[in-house]
K.L.:
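Got a structure for you, written out below as structure tokens; questions coming shortly.
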Amino acid sequence: MKLENRVAVVTGAGRGIGKAVSLAFAREGADIAVASDNGVENLAVAGEIEQLGRLALPFEVDVSDPAQVASMAEQVIDRFGHVDILVSNAGIIRRGLLIYSEDSDWKRTIEVMVYGTYHCCKAFVPGMVERNDGRVIIMSSVMGKMSNPANSSYAASKHALIGIARTLATEVVMLGAKGVTVNAICPGIADTDMVTGPEGSMAKLSEMLGISPEEVWKQFMKKMSLQERLIEPEEIAAMALYLASDDARGITGQAINVCGGTIMH
Amino acid sequence: MKLDDRVAVVTGAGRGIGRAISLAFAKEGADIAVASIDPEENEAVAGEVRAFGRRALPYQVDVSDSGQVQAMAAATLEEFGRVDILVSNAGIQRRALLAFSDEEEWKRVIEVNVYGAYHCCKAFLGGMVERNHGRVIITSSISGKMVNPANSSYAVSKHGLIGLARSLASEVAMLGAKGVTVNAICPGLTDTDIMTGPDGNIAKLSEMLGKTREEIWDEIYRPLILQERMLKPEEIAAMALYLASDDARGITGQSINVCGGTIMH
């Protein structure tokens with residue numbers, strides 16, 4: 001197995017990509033701290049992990065709050081002894097044109113994704129540096145490399161996460177920990193609640209524009225991917241697993257697109 | 001196994017990265033056309049492929065010659081019936097300052113690295129598009145994204161290969177074959193003959209600059225790499241295997257760095 005007896009913390013693990021990453025890691029032998037702000041979803045995912053014969057620690061956390069992240073780190077270390085892999089994946093979306101956006105909504109997006117990742121890296125990377133062994137995987141997005149109209153806070157956050165990944169990759173080496181890698185994954189439009197859920201982009205745009213979700217897909221989303229399809233969460237999880245494995249020890253500071261050809265840079 | 005009963009053509013398969021890819025693919029169940037300009041090396045690698053219980057077709061070819069590539073395609077199809085994966089990996093380099101370079105040598109690099117990939121894509125892509133299933137993996141380089149002084153023909157050819165991968169990824173989708181992906185891998189400095197062989201960069205620079213090989217590594221190469229080490233061919237092969245697998249069905253048009261953090265774009 002690729003992650004035998006590794007310990008991973010996955011944020012945003014209650015559903016979508018985070019859930020798929022948690023299960024993919026558990027299948028390959030890892031124990032998982034299942035973290036998200038939804039206690040019920042955490043428990044469900046933790047149950048699936050235990051069915052795979054691995055340990056799971058469900059933990060309800062708002063990653064934008066440094067105290068909550070610090071307390072999560074304490075409990076994870078208490079339970080598992082150390083953390084080998086951090087998957088900073090928690091994310092939210094607050095659509096709106098920048099000029100008409102609500103300050104608190106706009107900033108909330110930055111707080112959850114950018115500060116959330118910052119807090120988690122600060123809490124879990126020092127142990128990795130000490131042991132000169134670890135993996136940080138940050139969930140950016142194709143929106144980290146392109147324009148996302150009526151969604152500037154999301155694009156700004158996801159761009160920033162690539163900056164964190166690149167910089168932290170360099171810093172861990174400056175600290176002498178060449179065994180720690182830091183990378184970002186940039187998923188394309190994926191089949192998760194953020195896109196296809198009841199409050200997802202498709203439903204929202206359908207309501208805003210007065211057209212059916214099928215029309216939204218045809219007019220706005222289908223053409224965004226060369227493959228003209230949504231990416232499955234399992235495809236993102238496969239890349240996360242690859243980056244977490246020993247095979248990827250030479251990959252650091254990268255932001256890798258899994259997007260069906262939406263962007264190529 | 002990840003490539004059960006797939007058929008792969010690997011060019012430049014006689015040694016280094018091409019050999020590592022051939023063996024990694026064979027280990028995962030693929031039959032391999034082992035193609036390079038050196039028949040003895042082809043035979044040796046074919047023997048190693050067969051030792052994994054897979055079929056091998058050693059084939060001597062100069063990929064810069066379209067006639068030879070067409071003949072190889074005919075021979076491969078006759079032996080295996082079809083080709084699922086093309087790894088266009090054959091490459092050469094001819095170091096020189098552009099201003100003082102020998103025209104023939106400069107163009108030879110383009111002919112092998114760029115025309116070679118062009119000929120192979122042309123020869124093998126038709127079948128993949130027809131079956132709406134296939135993988136093209138092109139070995140570019142970090143020199144496809146950055147400067148390589150006294151090696152402009154190499155940098156130009158490797159930049160060209162990224163353009164080829166991106167364009168071809170779009171074209172197969174335009175042709176309706178969304179099941180075919182086309183990607184490039186950009187290895188960093190790798191422990192192969194091009195770097196560490198008797199005619200490799202380290203030996204050449206050591207001779208040119210009157211320094212020891214250790215000094216060349218310490219002063220010129222090591223500072224380029226965040227992890228301060230050369231990549232192993234097996235690390236590049238692991239990425240090729242990932243891109244060739246079903247896990248990577250949503251990755252197309254990308255050029256993925258495996259470089260220990262030498263570049264991050």
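Order of the sequence lines fixes the chain letters, A, B, ..., with proteins taken first and strands second; residue numbering starts at 1 for each chain. Because the structure is a prediction, the values reported are computed rather than measured. Computation of the quantities below employed the complete heavy-atom set of this structure, encompassing side-chain atoms and omitting hydrogens, waters and symmetry-equivalent molecules.
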K.L.:
Need one label for B:I256: side chain, backbone, both or neither, based on atoms under 4.5 Å from any heavy atom in chain A.
P.N.:
side chain
K.L.:
Within the supplied structure, the quantity of interest is the number of heavy atoms (other residues, nucleotides, ligands) at a distance under 6.0 Å from B:R166 CZ; does it exceed 12?
P.N.:
yes
K.L.:
Given that the side chain runs from C-beta out, which part of A:V258 has a heavy atom under 4.5 Å from chain B: side chain, backbone, both or neither?
P.N.:
both
K.L.:
Could you look at A:S225 and say if it's the side chain, the backbone, both or neither that has a heavy atom under 4.5 Å from chain B?
P.N.:
neither
K.L.:
Does B:Y118, at its OH atom, have more than 12 non-hydrogen atoms belonging to other residues, nucleotides or ligands within less than 6.0 Å?
P.N.:
no
K.L.:
Do the non-hydrogen side-chain atoms of B:T181 and A:Q227 ever get within less than 4.5 Å of each other?
P.N.:
yes
K.L.:
Just so I know, are the side chains of A:K178 and B:E228 near enough to count as touching, which here means a heavy-atom distance under 4.5 Å?
P.N.:
yes
K.L.:
Which heavy atom in B:L226 sits nearest to a heavy atom in A:T252, and how many Å separate them?
P.N.:
CD2-CG2, 4.3 Å
K.L.:
In terms of heavy-atom contacts, does CD of A:E215 have more than 12 from other residues, nucleotides or ligands at under 6.0 Å?
P.N.:
yes
K.L.:
If you look at every heavy atom in B:Q254 and A:I263, which pair is closest and at what distance?
P.N.:
NE2-O, 2.7 Å
K.L.:
I'd like to know whether CE of A:M1 has more than 12 heavy-atom contacts from other residues, nucleotides or ligands below 6.0 angstrom.
P.N.:
yes
K.L.:
If I take atom CD from residue B:E171 and atom CG from residue A:L226, how far apart are they, to the nearest 0.5 angstrom?
P.N.:
11.0 Å
K.L.:
Under 6.0 Å from the CD atom of B:E219, do we count more than 12 heavy atoms belonging to anything else shown?
P.N.:
yes
K.L.:
Measure B:R249 against the heavy atoms of chain A and call it side chain, backbone, both or neither at under 4.5 Å.
P.N.:
both
K.L.:
Do you know which of B:R229, B:K232, B:M174, B:E234 has the most heavy-atom pairs with chain A at a distance under 4.5 angstrom?
P.N.:
B:R229
K.L.:
Do other residues, nucleotides or ligands put more than 12 heavy atoms under 6.0 Å from the CZ atom of B:F52?
P.N.:
yes
K.L.:
Compare every heavy atom of B:A169 with every heavy atom of A:M264, then report the nearest pair and how far apart it is.
P.N.:
CE-CB, 4.1 Å
K.L.:
Less than 4.5 Å to any heavy atom of chain B: does that hold for the side chain of A:I256, its backbone, both, or neither?
P.N.:
side chain
K.L.:
Name the region of B:S245, side chain, backbone, both or neither, that has any atom closer than 4.5 Å to a heavy atom of chain A.
P.N.:
neither
K.L.:
What part of B:I225 gets closer than 4.5 Å to chain A, counting heavy atoms only: side chain, backbone, both or neither?
P.N.:
neither
K.L.:
Flag the one option from A:G188, A:A238, A:A255, A:G250 with the top tally of heavy-atom pairs under 4.5 Å to chain B.
P.N.:
A:G250
K.L.:
Side chain, backbone, both or neither: which part of A:I236 has a heavy atom under 4.5 Å from chain B?
P.N.:
neither
K.L.:
Please flag which part of A:M239 lies under 4.5 Å from any non-hydrogen atom of chain B: side chain, backbone, both or neither.
P.N.:
both
